[in-house]
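Structure first, commentary second.
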2 protein chains.
Amino acid sequence: MLKLSKKADYALMALQYMGSVQFSDLTRARVVNTKEIAEENNIPVELLAKVLQALAKQEIIESHNGPKGGYILGHEPRDITIAKVLEAIEGPLGIADCYHENDHSPCEQLEHCNIRTPLLKVQESIYQLLSSMTIEDMMSGQPLIIVESRKTEGVNS
Amino acid sequence: MLKLSKKADYALMALQYMGSVQFSDLTRARVVNTKEIAEENNIPVELLAKVLQALAKQEIIESHNGPKGGYILGHEPRDITIAKVLEAIEGPLGIADCYHENDHSPCEQLEHCNIRTPLLKVQESIYQLLSSMTIEDMMSGQPLIIVESRKTEGVNS
DNA sequence: GTTAGTCAAGACTAAAATGGTCGGAGATCT
DNA sequence: AGATCTCCGACCATTTTAGTCTTGACTAAC
């Protein structure tokens, strides 16, 4: 239960990777492209592309077009919370559905709904939890082999 | 994101209702059947039936067959944690999929996966949160109009 | 200016999960 | 024993998700 979608996973992986590449000792502010991230993390390229698009639209990352283009983080890793990332990909948190509901899907139960209030508490706690953790936390303690310049290798074997 | 399924919602509603019926002043240990719960909470009967089945199989509730049969809670409301209920309905908690994975779906990312460890921490926190809350917490402070004996009313208008 | 590499955006397919429905098995009462 | 009321378990339809493909627009290098 409460599974994250693959897209969400991929988003976090990508951001973690970008953070590591950008903020490691040697190569600062290097732009990484979709293909590189996908290959390094064994993620289907096209799907990752869509994920990165969404992140770019939310200005979590910045896109740079053209040859030698790609993406860079839009903020410092410590300023990118997990909550923000997940929201960008999967929409707002909704343990209790009734909270963000439009006119349709009237939630016929609302009148007698005794579980709503407690669930909202749970939801609030989870949100706080996800907001307290950032991409930086995912980078820490990870050696990670830096791939310095593999922009145009013929690695498709 | 992190939405609960309708079934999970229904499970919690049903348990809350059963708890209220059983542990209110007047009528103790009354057996309630699927139809009553469904009508009282505006839940599709057949779907609720499946939910209650699952709960019964996990021994969260006890089933009693035959006329005047139905369900009663298998434990005190304070001993039924939300975590247990959700697990019964939606399977084990799996923010990070890779945690409970069989041989198939090998998670190609595992080798370089830097998000796994942090996510497990999040998951653990959430689990603790859900384990700390019980059906009793959902009953507290709820007046709730007790429906004393409506087993066989013709209420299907 | 041309070319090649990159992101952007959408339609499309396939598979899985979810929501919802059906007829049957077991138990109780008359 | 029969009728009725209940739970049980397999079944189908719809939605969501994962993944693919195609087309287009933008940018930098040559």
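Every chain is numbered from 1, with letters handed out A, B, ... down the list of sequences. Scope of the values below: all heavy atoms of this structure, side chains included, with no hydrogens, waters or symmetry mates.
Here C:dT18 presents its P atom at 14 Å from OH of B:Y10, a figure rounded to the nearest Å. In this structure, the NZ atom of B:K68 is 8 Å from the P atom of C:dC29, given to the nearest Å. The CD-P distance, from A:E46 to C:dA11, rounds to 18 Å in whole Å. A straight line from NZ of B:K35 to P of D:dT6 spans 7 Å, rounded to a whole angstrom. Residue B:L48 contributes atom CG, which lies 13 Å from atom P of C:dT21 at whole-angstrom precision. Distance A:I72 CD1 to C:dT6 C1': 15 Å, rounded to the nearest Å. Rounded to an integer number of Å, the gap from B:I37 CD1 to D:dC7 C1' is 12 Å. Rounded to whole Å, atom P of D:dT16 lies 18 Å from atom CG of A:L4.
Each of A:L52 and A:G66 was matched to the nucleotide of DNA chain C holding its nearest heavy atom; the match closer to the 5' end belongs to A:G66. If you find the closest nucleotide of DNA chain C to A:H64 and to B:E90, the one lying nearer the 5' end belongs to A:H64.
OP1 or OP2 of C:dC7 lies within a sub-4.0 Å distance of a side-chain N or O belonging to A:T34. Phosphate proximity of C:dA8 to A:S63: present, with a side-chain N or O under 4.0 Å from OP1 or OP2. The side chain of A:K57 places an N or O atom within less than 4.0 Å of a non-bridging phosphate oxygen (OP1 or OP2) of C:dA9. In this model, the phosphate group of C:dA17 is not approached by any side-chain N or O of B:S5 to a distance below 4.0 Å at OP1 or OP2.
A:L73 has its side chain within reach of A:P77: a pair of non-hydrogen atoms, C-beta onward, lies under 4.5 Å apart. With a 4.5 Å cut-off on side-chain heavy atoms, B:Q123 and B:Y127 do not count as touching.
Of all nucleotides listed (C:dT6, D:dC7, C:dG19), C:dG19 comes nearest to the side chain of B:L47. Candidate nucleotides D:dC8, D:dT27, D:dG19 were compared by shortest atom distance to the side chain of A:P67, and D:dT27 ranks first. Between D:dG19, C:dT6, D:dA18, one nucleotide has an atom nearer to the side chain of A:K7 than all others, and that is D:dA18.
The base of D:dG9 sits within donor-acceptor range of the side chain of B:Q53, with an N or O pair under 3.5 Å.
Residues A:L129 and B:S125 come closest through the heavy atom pair CD2-CB, 3.5 Å. The minimum heavy-atom distance linking A:I89 with A:A11 is given by the pair CG1-CB, 3.9 Å.
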How far apart are the C-alpha atoms of B:Q128 and B:S132, what are their side-chain angles, what is the distance that settles it, and do they pass the side chain to side chain donor-acceptor pair (under 3.5 Å) test?
CA-CA 6 Å; B:Q128 227 170 327; B:S132 72; over 6 Å; no
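Residue B:K50 is classed as a base contact, given a heavy-atom separation below 4.0 Å to a base.
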